[in-house]
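When a ligand or atom number is given, it counts from 1 through the structure's own listing order. Start at 1 with the first residue, then count along the sequence. None of these values were measured; they are calculated from a predicted model.
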Amino acid sequence: MSGTGRCTVVVGCQWGDEGKGKIVDVLAEGADIVARYQGGANAGHTVHVGEDEFILHQIPSGILHQGKRCLLGNGVVLDVEQFFREYDGLAARQIALTGRVGVSRRAHVLLPYHRFLDKASESSSAQKIGTTGRGIGPAYEDKVGRRGIRVVDFADGAHLAERVEAAMERVCARLDHLGHGAGDELHRQMDVALALRERLLALATDTGPEISRALKAGKQVLLEGAQGTALDLDQGTYPFVTSSNTTAAGAATGTGIGPTAIDSVVGVVKAYTTRVGEGPLPTGFDAEMDEHVRRLGGEFGATTGRPRRCGWFDSVLSRFAAQVNGLTGVAVTKLDVLDTLAELQVATAYRMPDGSVVTDFPADTRSLGKVEPVYETLPGWQAPTGGARRLEDLPAGARRYLDRLEELTDAPVRWVSVGSKRSQIIEVV
Ligand code: IMP
């Protein structure tokens, strides 16, 4: 894996959907282990292999490279039904899986009632987050509330039954309170999920020791983030965030290795910005441009199909992401989407509601919704970039745009993706 160390984190630097799946797929070629460290089936990592498209929600994108071991760390909330649907779907497409997938014994299990609760609380809450409806918030609430069920709890049937019964009692009362009775459907889905017990246990491992042993033996490890920096529970646009630590530090806690084991962090940014779900998008386009770029970039959610809001590149956010993740390199994706635009804008600062100009990403999400970005205008290149394989193949305007992104982000651009195919990537040497 040139350009990275032995243990590398790949992290999203915007609001998710930066194209991490593609970058992980490319870097996975040189890795021995690829591990997810947070999130769950809310993620949708799209990877193109030849003419085939794969959308992975929980299994790391490394699974598409023969022989790589793929792990789900303790920091993920593992939707057991969805996980085996994905697993079986890959097997049906002739991906060899035996011995290649492991799930942490310490990972919390996301059960159907979490999805029911997610939907019920979104529809009855005054402040909508625009979640993916995959049960992520309720599963992490159970974890933090110390009432969750972990993979290791599946080992003892009687103990599991007790935990599930207590959870169902709590959940049904809560659903009633929210005016959304559980009904037979929840019980039916619970039966399906719990019937997967033996299959789940067969994949159980301890991800921390497994990864540490691999590193000691000189192997290469890739830690795959989901969502993005601005959706991080602590660093993002709270409360319009997901319920986990998406940022690079979460890769250590979410797999069970020490932070000193990580030696490089690759931040993925799209050449423009998108956001799905509620919450501010400071550099959002006007309606016409929004529609135009959404069409050019095919900006619809891989998990929910929702249209993504689109906007100019925001270097206030990318600089924040470089700082908070300790980026050692940046991968810029979807540069080709901008090929036809005559002019490009890049936000370099925000004018706050009180008239002050800031270059640090503000903690106050309500103010962020009212800022006016300070833009710098750059000329477009109006030439196709999809065939470029070296930096020198890019039009001068595209190179200038990348140079400016690098300067403003304050981290070196190491990869540029110019299309969805595996081959459409430039490694900056
Ligand atoms: P949740 O993670 O489903 O609870 O959703 C919380 C917020 O994160 C919502 O704004 C979602 O749209 C957003 N979100 C969650 N997963 C992704 C993702 O993979 N890509 C982009 N946005 C996401």
Side-chain angles (χ1 to χ4, degrees), residues 10-24 36-47 54-61 72 75-79 82 86 108 110 112-123 125 127-144 224-247 250 254 268-270 272-282 284 294 297-311 317 321 333-334 365 368-369:
V10 176
V11 68
C13 290
Q14 294 156 325
W15 279 277
D17 307 320
E18 296 92 350
K20 293 177 293 296
K22 158 107 192 245
I23 300 303
V24 170
R36 274 278 303 271
Y37 59 86
Q38 45 72 229
N42 50 348
H45 294 166
T46 307
V47 182
F54 294 85
I55 299 179
L56 297 156
H57 297 285
Q58 295 194 89
I59 297 179
S61 313
L72 278 82
V76 307
V77 282
L78 196 150
D79 182 330
Q82 197 285 335
E86 187 168 326
H108 279 248
L110 189 150
Y113 53 73
H114 292 122
R115 291 191 297 262
F116 276 69
L117 278 174
D118 193 4
K119 286 179 187 143
S121 52
E122 270 285 274
S123 65
S125 166
Q127 183 178 258
K128 305 220 180 307
I129 305 296
T131 73
T132 58
R134 297 297 193 266
I136 303 299
Y140 280 114
E141 279 175 41
D142 277 356
K143 173 176 177 173
V144 177
E224 173 178 351
Q227 293 85 48
T229 299
L231 288 172
D232 181 279
L233 180 60
D234 286 79
Q235 308 298 337
T237 51
Y238 192 90
F240 304 106
V241 291
T242 190
S243 301
S244 63
N245 285 120
T246 59
T247 42
V268 187
V269 294
K270 209 178 272 189
Y272 48 101
T273 310
T274 60
R275 177 163 204 179
V276 65
E278 302 299 318
L281 174 61
R294 183 162 38 254
E299 295 294 352
F300 296 89
T303 299
T304 58
R306 291 180 291 178
R308 298 173 182 148
R309 288 178 277 157
C310 304
L317 175 56
T333 60
K334 296 186 110 167
T365 303
L368 189 67

- Considering all heavy atoms of both residues, which atom of Ala302 and which atom of Gly44 are nearest to each other, and what is their separation?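 So the two residues come closest at CB-O, 3.6 Å.
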Enumerate, one pair per line, all nitrogen or oxygen atoms of ligand 1 lying under 3.5 Å from a protein nitrogen or oxygen, stating the separation to 0.1 Å; write 'none' if no such pair exists.
unit_1, atom_1, unit_2, atom_2, d
ligand 1, 2 (O), Asn42, ND2, 2.9
ligand 1, 2 (O), Thr242, OG1, 2.6
ligand 1, 3 (O), Thr132, N, 2.9
ligand 1, 3 (O), Thr132, OG1, 2.6
ligand 1, 10 (O), Val276, O, 3.4
ligand 1, 12 (O), Gly130, O, 3.3
ligand 1, 12 (O), Val276, O, 3.1
ligand 1, 12 (O), Arg306, NH2, 2.9
ligand 1, 16 (N), Gln227, NE2, 3.2
ligand 1, 19 (O), Asn42, O, 3.3
ligand 1, 20 (N), Asp17, OD1, 3.0

- Message: Among Arg275, Arg306, Arg294, Lys270, which residue satisfies the side-chain hydrogen bond (donor to acceptor under 3.5 Å, both in side chains) criterion with Glu299?
- Response: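 For Glu299, the side-chain hydrogen bond (donor to acceptor under 3.5 Å, both in side chains) check succeeds only for Lys270.
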- Query: Taking only residues two or more places apart in sequence or in another chain, which ones pass side chain to side chain contact (heavy atoms under 4.5 Å, CB included) with Ser123?
  - Reply: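 Ser123 satisfies side chain to side chain contact (heavy atoms under 4.5 Å, CB included) with His180 only.
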- What residues form a salt bridge (Lys or Arg N to Asp or Glu O under 4.0 Å) with Arg134, not counting sequence neighbours?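 Expected list: none.
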- Item | Qualifying residues under salt bridge (Lys or Arg N to Asp or Glu O under 4.0 Å), relative to Asp142, sequence neighbours excluded |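 With neighbours one apart ignored, the set is Arg147.
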- Query: Take atom OH in Tyr238; do more than 12 heavy atoms of anything else shown fall under 6.0 Å from it?
  - Reply: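 No, the 6.0 Å shell around OH holds no more than 12 heavy atoms from other groups.
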